[in-house]
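Nothing fancy with the numbering, it's 1 onward along the sequence.
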Amino acid sequence: MKLKKITTALAIFLFGMVLLHLVLFWRVRDVIAKGYPDFTTFYMAGTMVRVGLRHELYDLASEWRVQQEFAPWVSIRQAALPYMHAPFEALLFVPLTVLPYGVAFAVWDGFNLLILLALPYLLRPHLGVLQNVSPLVVFGVELAFFPVIFVLLQGQDVILLSLFYSLAFIALKEDAQGRAGFWLALGLFRFHLIVPFVLVLFFSRRYRLITSFIVTALALAGVSAWLVGWRNLLHYPGYIWWLEQHKSKVILTPSQTTNIRGLLDTLLAKRFPATLVLTAVILLSAVVLFLAIRTWGKAGRSKTGFDIAFSVTLVAAVLVGYHSFIYDLAALLIPIAVSLGLLVQDGHLSRYVRLSFVISLLAIFCTPLYLLLWFRTGHPNVMAVFLLLWFGALAMAAHNQGLERRAAMSQVVKV
């Protein structure tokens, strides 16, 4: 009876989040049509490639001129919303630019919804918690997750990244490291979330994966050079750094980032020098990555242990990523499924770990909390507290898996 009440309460909670998201979509429909969302920068990049301006892809004056052609009604923008992703991603949006902006946005969101619908079917054979749940129910849970909805509201690309992470997860489970490296490299359009993940796997001695990753990354670099030219490609890091220095108060504010950098910036920036804050960010990021590396050695060789290690590493990548915004949490669908599976199926979790899972998962699914932190306080980076709590719970679950595995092996040796 108690379990039934909890399940009913969770269903009502998630259904309420979905309804709230539908209301949000309805209220901002006119804003979307005018070109306010981030999709503007993708549509602009695709347009520039299509009309022969690909060598000017990172020229702010050219970007502004193109954006004004299809989104001149955006009153909050007095300059271009800059394209900050790798050049090769612009190719993905070229076909959409033959459509009017509003139609292209709807098609892109439709594509993302198809990915969300496909993910439960794709992951079901590889995640035990999904095998007894209808994929349509899982799809509903995805739509109850505000970061997913934020991706759809902004026309962002993180759901595609989640697909690549899912394909890499499946490949690693099948011991196809080369294929996993290929999928991870395709996600380099959000390199700040991919590189920390791959770095952990490098120190976990997944060398075939690393080789495939590097080869694919070099191929993508070649495509990018063909698009914008080698000079512009080599200038790309400097362009990103310039934006960081000159646009940080407008589009890259640390208070908007749900990561270690954003959290420590809020807690320490007004009290300590910038160099000390940066040192604290580097040290805490190093600790998080170190703990992620250890999970592969402790638990990564068993079925459940692998799921946990992958989840720990993915949460770590978001925490460490330099620009991790609310919509980047949409990449954490596998860790969410794994954590729910541990809560439902693992009776050996300690009370502290179980409580940490419950608190962190409820927080990251609570849309009013995001809206409160974002619109009332201006500090959505506080969500990083719950990510750290979640990370700690997963790391402890991995540690327990490692202890159980060693205990089982010792019993075998004794026999």
Side-chain angles (χ1 to χ4, degrees), residues 3 6-7 10 123-133 138 141 145 162 165-166 168-170 172-173 193 196-197 199-201 203-204 206 258-260 284-320 329 331-365 383-411:
L3 180 61
I6 292 174
T7 304
L10 284 175
L123 292 169
R124 198 177 192 188
H126 306 280
L127 282 173
V129 69
L130 300 181
Q131 292 171 6
N132 298 318
V133 181
V138 178
V141 173
F145 188 37
S162 190
Y165 265 126
S166 298
F169 174 80
I170 293 168
L172 282 171
K173 277 217 155 184
L193 297 179
F197 189 92
L199 184 65
V200 170
L201 294 181
F203 284 106
S204 303
R206 307 270 175 163
T258 53
N259 55 10
I260 290 171
L284 184 53
S285 298
V287 169
V288 167
L289 290 176
F290 174 73
L291 291 174
I293 293 167
R294 289 197 66 187
T295 60
W296 288 96
K298 287 180 174 295
R301 296 178 184 177
S302 67
K303 185 178 179 180
T304 303
F306 170 85
D307 296 349
I308 299 173
F310 190 96
S311 299
V312 167
T313 307
L314 192 43
V315 176
V318 172
L319 282 167
V320 171
L329 304 190
L332 301 178
L333 297 178
I334 288 177
I336 288 171
V338 170
S339 300
L340 290 173
L342 289 171
L343 279 171
V344 173
Q345 299 168 352
D346 193 341
H348 297 94
L349 290 178
S350 69
R351 184 177 180 182
Y352 170 78
V353 172
R354 190 173 295 276
L355 185 61
S356 297
F357 274 133
V358 170
I359 293 173
S360 55
L361 289 174
L362 283 176
I364 67 170
F365 267 89
M383 291 301 298
V385 171
F386 300 105
L387 289 181
L388 284 168
L389 181 65
W390 186 17
F391 174 83
L394 283 167
M396 291 185 69
H399 177 71
N400 292 338
Q401 283 286 324
L403 292 178
E404 290 176 12
R405 184 174 179 276
R406 284 196 292 272
M409 289 181 65
S410 66
Q411 289 295 326

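- Looking at heavy atoms from C-beta onward, T304 lies in side-chain contact with L342 at the 4.5 angstrom threshold.
- Side-chain atoms of R206 do not come within 3.5 Å of backbone N or O of L201 as any donor-acceptor pair.
- What you find for T313 and A309 is that their closest heavy atoms are OG1-O, 2.8 Å.
- Once rounded to the nearest 0.5 Å, the distance linking CG of L130 with CG of L123 reads 6.5 Å.
- Taking the six-membered ring where the residue is Trp, F310 and W296 present perpendicular rings, their angle passing 60° and hence far from 30°.
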Checking L361 against L343 for the side-chain contact (heavy atoms from CB on, under 4.5 Å) test, could you report, in this order, the C-alpha distance in whole Å, the side-chain angles of both residues, the deciding distance, and whether it holds?
CA-CA 11 Å; L361 289 174; L343 279 171; 4.0 Å; yes
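- Looking at every heavy atom in both residues, V315 comes nearest to P335 through CG2-CB, 3.9 Å.
- Residues V312 and D307 are not in side-chain contact: their nearest non-hydrogen atoms beyond the backbone lie 4.5 Å or more apart.
- Here the shortest heavy-atom pairing between K173 and H126 reads NZ-O, 2.8 Å.
- Here the closest non-hydrogen pair linking V288 and F391 is O-CZ, 3.4 Å.
- The CE atom of M396 sits 13.0 Å away from the CZ atom of R354 when rounded to the nearest 0.5 Å.
- The aromatic ring centroids of F386 and F365 lie 6.0 Å or more from each other.
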One pair to check against side-chain contact (heavy atoms from CB on, under 4.5 Å): S166 and I334. What are the steps and the verdict?
CA-CA 7 Å; S166 298; I334 288 177; 3.8 Å; yes
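- The minimum heavy-atom distance linking A292 with A316 is given by the pair CB-CB, 4.1 Å.
- The distance from the CD1 atom of I170 to the CG atom of L127 is 8.5 Å, given to the nearest 0.5 Å.
- Residues F290 and F203 keep their aromatic ring centres 6.0 Å or farther apart.
- Among residues two or more places apart in sequence or in another chain, the side chain to side chain contact (heavy atoms under 4.5 Å, CB included) test is passed with V287 by L291.
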Evaluate the side-chain contact (heavy atoms from CB on, under 4.5 Å) criterion for residues I308 and T295: first the C-alpha distance (whole Å), next the side-chain angles of each, then the deciding distance (0.1 Å), finally the verdict.
CA-CA 8 Å; I308 299 173; T295 60; over 6 Å; no
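- Smallest separation of non-hydrogen atoms from N259 and V318: CB-O, 3.5 Å.
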Evaluate the side-chain contact (heavy atoms from CB on, under 4.5 Å) criterion for residues L349 and F357: first the C-alpha distance (whole Å), next the side-chain angles of each, then the deciding distance (0.1 Å), finally the verdict.
CA-CA 10 Å; L349 290 178; F357 274 133; 4.2 Å; yes
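- Taking CG of L329 as the reference point, atom CD1 of I336 lies at 8.5 Å (rounded to 0.5 Å).
- Once rounded to the nearest 0.5 Å, the distance linking CZ of F169 with OG of S311 reads 7.0 Å.
- With respect to W390, the side chain to side chain donor-acceptor pair (under 3.5 Å) criterion is satisfied by exactly one of S360, S356, S339: S339.
- Rounded to the nearest 0.5 Å, atoms CD1 (I364) and CG (L332) are 7.0 Å apart.
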